[in-house]
2 protein chains.
Amino acid sequence: MNKPAPIVEAEAPAALHQRIRTDIEAKILSGELGPGDRIPFEHELTELYGCSRMTVSKAISALAEAGLIERRRRAGSFVARPRVHSAVLDIPDLRSEIEGRGQDYRFELISTVQRAPDGVAEVELAGGRTLLALRGVHYADARPFALEDRLISLRAAPEAARVDFGEISPGAWLLEHIPWTEAENRIAAMSVDAADARLLAIPTKTACLAVERRTWRGGVGVTRVRQLFPGEAYDLVARFGPSRG
Amino acid sequence: MNKPAPIVEAEAPAALHQRIRTDIEAKILSGELGPGDRIPFEHELTELYGCSRMTVSKAISALAEAGLIERRRRAGSFVARPRVHSAVLDIPDLRSEIEGRGQDYRFELISTVQRAPDGVAEVELAGGRTLLALRGVHYADARPFALEDRLISLRAAPEAARVDFGEISPGAWLLEHIPWTEAENRIAAMSVDAADARLLAIPTKTACLAVERRTWRGGVGVTRVRQLFPGEAYDLVARFGPSRG
DNA sequence: GCCGCTAATATGTATAGACATAAGTCCGAG
DNA sequence: CTCGGACTTATGTCTATACATATTAGCGGC
C-alpha cells in the first residue's frame, strides 16, 4: 500500500513534443508554475527547443486537452486551476477481481422473472417492452461476495431472454454481447435488510457498499444493476490526478 | 436523473480533424466497428476526407490516446477491446458541493493536535517530523454533512502549523496552498461508532460512506483525510464511458 | 526447414509555410 | 467620453513534404 516516489526529471522521451510536454507538466506539478501563471508563448518555446511551431503546438495542445492548461487566443496559455477532485475509478469485473485474488469464482442465480416496467428507470430501460429481472450472488470460494439485482432491457438485448444466467453471470454475458458505451455509477452506503443479509451470510443491518450502475449503448438503456458488498470485505480504489478546468 | 438520448451524427465540428475523430468514434460506439476491427488506413481516410495525412493522423492519434483504438505499425489501426469498467469519479470540494445545492456551508473544527507519527501512513507522511492532526465537521445549513479526520504533513506544508482551521477548512486551504499532484481514494461502507454518530447527529451504527484520500505532491505525502458521510444523505456519482486498452 | 537479409508498408515525428479566428489595443469620429 | 472599426497578436487548423522506425512478407543460402 506504499507509494513509491516517482522518479521525475530523469527520463528523456524519444519524441521532442513529448519532452516539451513533460517538461512543462513537471513545472506545473512541482509548483514552479502555479495556477494562473502564463507559460511561454509558442514562438518562445520554438526558439527554446529549436523546433517548429507545430511541434510546440502539439505538446501544448495535449496539455490543454488533459486539462492542465488553458489556452486563450491573443493572450497566451495559462496553467489551469484545479476544480474538483476527480479520479479514475476502476469498477472491476467481479470474476476477474475474485480470480485475481486466487479465489474461486461462482455466480449463483436466485431468481429470474420477466416483468413489465413499474418505475422511472424501468420505463426508460424497457422502451415499451418487458424487462428481464435477475437476482443472484457472486461467491468468492464458498463465501458470498456480492449480491446483485439486475434489470436487462429486452429491447437492447432481446437474446438475453434465452440465456441461461446460471451458466454465465449477466455482467459477463452483457459485456460480451451488448457492450455499453455510456454508464453512470452511484455509490452509497446502506444497511442490509434481513433478506439480503441472509443471502450474503452476514448479520442484519451490516453496513454495505451499494454500487448502482446504469449503462447505455448509443443512447438506449441496456441494463441497471445494483450490487451490494459487505462493507468490511471490500473497498473501491480510485487512482490518479487532479482534473482541472 | 434521466438520461437524454445523445443526438449523434448531427453536429459538424468546425475542425476537420475533429470531425474525422467523432465520425470514427461514432462508428465504434454504435457498434458498427467492433473490438479488433481495423479502421481504414491513414491514406484511405486521406482520400475519403480529401485532406492531408497530418490531419487524419491527428484525429486517429487522439483516439489512440483516449484508448479507443490501438495503432500498430505496418499493420494498421484497430478498435481496442474494453478491459475494465472504469469511470471518472468526481469527488467534489464539499464547500462548493453544498453551496451548489443552495445550502449554507460551515466547517467546525473540533480538535487539532500536533503529534509524532504512530502508523505506517503517518510515518510516510511525516518524513521524520511531526504531523498536524485535525478533526472537524462539515455542515450543510445546520445539519452535519460529513465528519472529517485529517493528517497534514508539516514537511510538505510547514505553514499549516500557523493556519486557523476554524476560519478555513483544511481541504480548501490545502488546495489553495499545497495542491496535490497524485491521489489515491478508497471508498468503503462502515457503521458509525457512538462518538462519530453524536458528531453527525445520527443514530449509532448508521451505515456511512467512508472516503479515504491520500495525496502527494511530487512524491511527497501531503495529507491523508477520512470523511464519513451518512449513507442515506449522500452518494457519489461517477460518469462516463469504458476504458480500453 | 531455418536463419538472416532485404524490401515493402503503415505509422511516428518533424518542418516551413499559409490562412483563419478570437481577442485585446488603440485611435478617430461622433 | 463612448462607440466602432482597424490593427495586432497568439492560437487553431491545414498542407505538402521528408525522413525515421517498427513490423511483416518474401527470398536466398545453407
Side-chain angles (χ1 to χ4, degrees), chain A residues 10-28 33-81 244-245, chain B residues 10-28 33-81 244-245:
Chain A
E11 76 297 336
L16 179 53
H17 72 88
Q18 283 186 14
R19 200 166 88 75
I20 300 177
R21 177 181 171 166
T22 54
D23 277 6
I24 298 175
E25 205 168 309
K27 284 207 175 66
I28 293 174
L33 285 172
D37 289 357
R38 213 203 72 228
I39 71 171
F41 294 126
E42 291 191 352
H43 71 262
E44 295 176 309
L45 291 169
T46 278
E47 274 188 37
L48 229 163
Y49 287 93
C51 65
S52 75
R53 191 164 78 87
M54 270 293 312
T55 305
V56 167
S57 178
K58 196 168 182 178
I60 304 188
S61 296
L63 288 171
E65 205 165 328
L68 270 182
I69 67 172
E70 214 174 292
R71 313 194 75 182
R72 289 213 313 274
R73 280 170 151 140
R74 163 73 214 236
S77 299
F78 302 82
V79 177
R81 61 191 68 243
R244 289 145 182 271
Chain B
E11 77 297 336
L16 179 54
H17 71 88
Q18 283 186 14
R19 199 166 89 73
I20 301 176
R21 178 182 168 164
T22 54
D23 277 6
I24 298 175
E25 206 168 307
K27 284 206 175 68
I28 294 174
L33 285 173
D37 288 357
R38 211 203 72 227
I39 70 172
F41 294 127
E42 291 191 353
H43 71 261
E44 294 176 309
L45 292 169
T46 278
E47 273 187 38
L48 229 163
Y49 286 93
C51 66
S52 75
R53 191 165 77 88
M54 270 293 313
T55 304
V56 167
S57 177
K58 196 169 183 177
I60 304 188
S61 297
L63 287 172
E65 206 164 328
L68 270 182
I69 67 171
E70 214 175 294
R71 313 194 75 184
R72 290 213 311 273
R73 279 170 152 141
R74 164 70 216 240
S77 299
F78 302 83
V79 178
R81 60 191 68 243
R244 289 145 182 272

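Reminder, nothing fancy here: chain letters follow the sequence lines and each chain counts from 1.
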Open item on the list: Looking only at the side chain of A:Glu42 (C-beta and beyond, no hydrogens), which of the listed nucleotides D:dG12, C:dT13, D:dT13 gets closest?
Closed with: D:dG12

TODO: Grab the CZ-C1' distance between A:Arg72 and C:dT21 for me, whole Å please.
DONE: 16 Å

TODO: From the options D:dT15, C:dT21, C:dT11, select the nucleotide whose nearest atom is closest to the side chain of B:Arg73.
DONE: C:dT11

Open item on the list: Let me spell it out: for each of A:Gly50 and A:Ala75, pick the nucleotide of DNA chain C with the closest heavy atom. Which residue's pick is nearer the 5' end?
Closed with: A:Gly50

TODO: Using atom CD of B:Gln18 as one end and atom C1' of D:dT11 as the other, report the distance to the nearest whole Å.
DONE: 14 Å

Task: Over all atoms of both residues, closest heavy-atom pair of B:Ala80 and B:Gly67 - done: CB-O, 3.6 Å

Open item on the list: Whether B:Arg71 contacts C:dG12 is assessed here as follows: a side-chain N or O lying under 4.0 Å from the phosphate OP1 or OP2. Is that the case?
Closed with: yes

Open item on the list: Contact list please: residues 52-62 of chain A against DNA chain D, heavy atoms, distance less than 4.0 Å, in numerical order.
Closed with: A:Arg53, A:Met54

Task: CD-OG1 distance between B:Glu42 and B:Thr55, expressed to the nearest 0.5 angstrom - done: 10.5 Å

Open item on the list: Tell me the interatomic distance from A:His43, atom NE2, to D:dT9, atom P, rounded to whole angstroms.
Closed with: 10 Å

Open item on the list: Using whole Å, what does the distance between atom P of nucleotide C:dC19 and atom CG of B:Leu16 come to?
Closed with: 19 Å

- [ ] Please state how far atom CZ in B:Phe41 lies from atom P in C:dT11, giving the value in whole angstrom units.
- [x] 6 Å

Task: Atom-pair distance (CZ on A:Arg38; C1' on D:dT9), nearest Å - done: 12 Å

Open item on the list: So which atom in B:Val56 and which in B:Thr46 form the shortest heavy-atom distance, rounded to 0.1 Å?
Closed with: CG2-N, 3.7 Å

TODO: Using the side-chain contact (heavy atoms from CB on, under 4.5 Å) rule, pick out the option among B:Ile28, B:Ile24, B:Leu68 that qualifies with B:Val79.
DONE: B:Ile28

TODO: Sequence neighbours left out, what passes side-chain hydrogen bond (donor to acceptor under 3.5 Å, both in side chains) with A:Ser61? Give chain and number order.
DONE: A:Arg71

Open item on the list: Just the rounded figure in Å: distance from P of D:dT15 to OH of B:Tyr49.
Closed with: 13 Å

Open item on the list: Quiz question: going by heavy-atom distance under 3.5 Å, is there a donor-acceptor pair between the base of D:dT24 and the side chain of B:Arg74?
Closed with: yes

TODO: Figure out the CG/P separation between A:Leu45 and C:dA14, and round it to whole Å.
DONE: 14 Å

Task: Side chain to side chain, A:Ile20 and A:Cys51, heavy atoms closer than 4.5 Å - done: yes

Task: Pairing residues for B:Arg38 by the side chain to side chain contact (heavy atoms under 4.5 Å, CB included) criterion, not counting sequence neighbours - done: B:Phe41, B:Glu44, B:Phe78

